[in-house]
Undergrad: 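I am attaching a structure below and will ask some questions about it afterwards.
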Amino acid sequence: MGDSVIFLLSFTALIPLAAILSDLTEDVALRTNTAIGALINVTFGNATEIIISIAALRAEKYAIITNTYIGSSLGNMLLVLGSSLLIAGYNNPLSTYNVHAAQIYMSSLMLASFAFIIPSAFSTLNL
């Protein structure tokens with residue numbers, strides 16, 4: 001089999017796993033308090049990245065690990081925020097936002113952006 005076919009089959013196999021983990025965390029959250037439910041949701045929400053990282057670490061594919069976490073972080077920061085703002089604007093043309101929460105989110109977005117940019121900039125230097 002070609003690499004593309006293996007990738008597509010592996011990707012397709014992760015979709016039901018993500019759905020099962022999502023259902024599991026929702027069921028646990030319903031049976032416990034919200035803090036434990038949120039902690040389990042955050043922990044198991046990144047299970048696919050952990051599985052991919054373990055497999056890549058065993059194969060010594062460190063670039064895959066780095067790119068997986070960069071993609072996950074950018075997806076969570078930009079895709080989730082952009083989708084939320086788009087849907088909120090579509091459903092309600094005049095939206096109000098919590099200023100404190102928006103400042104925290106933008107600060108974490110800026111910090112994460114610097115965390116990606118600074119190592120990339122230093123890697124291009126010949127020091």
Undergrad: State, with a plain yes or no, whether a side-chain heavy atom of Lys61 is found less than 4.5 Å away from one of Ile65.
TA: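 In short, these two side chains do not touch, never coming nearer than 4.5 Å.
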Undergrad: Please determine whether residues Ile51 and Phe7 belong to a single hydrophobic cluster, defined as Ile, Leu, Val, Met, Phe, Trp and Tyr linked transitively by side-chain heavy-atom distances below 4.5 Å.
TA: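 They do not share one cluster, since no chain of ILVMFWY contacts under 4.5 Å joins Ile51 to Phe7.
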Undergrad: Is atom CG of Asp23 surrounded by more than 12 heavy atoms (other residues, nucleotides or ligands) closer than 6.0 Å?
TA: yes
Undergrad: Taking atom OG1 of Thr32 and atom CG of Asp27, what is their separation to the nearest 0.5 Å?
TA: 10.5 Å
Undergrad: How many angstroms lie between CD1 in Ile104 and CG in Leu109, if you round to the nearest 0.5 Å?
TA: 13.5 Å
Undergrad: To the nearest 0.5 Å, what is the distance between CD1 on Ile15 and OG on Ser10?
TA: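 If we round to the nearest 0.5 Å, Ile15:CD1 and Ser10:OG are 11.5 Å apart.
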Undergrad: Report the distance from atom CD1 of Ile50 to atom CG of Leu57, rounding to the nearest 0.5 Å.
TA: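 Those atoms lie 12.5 Å apart.
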Undergrad: As an exercise, state the distance from CE of Met110 to CD1 of Ile117, rounded to the nearest 0.5 Å.
TA: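 The CD1 atom of Ile117 is 8.5 Å from CE of Met110, to the nearest 0.5 Å.
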Undergrad: Linking I/L/V/M/F/W/Y whenever any side-chain heavy atoms sit under 4.5 Å apart, do Leu9 and Ile6 land together?
TA: yes
Undergrad: Is it the case that one hydrophobic cluster holds both Leu30 and Leu39, taking links as side-chain heavy atoms less than 4.5 Å apart, direct or via other members?
TA: no
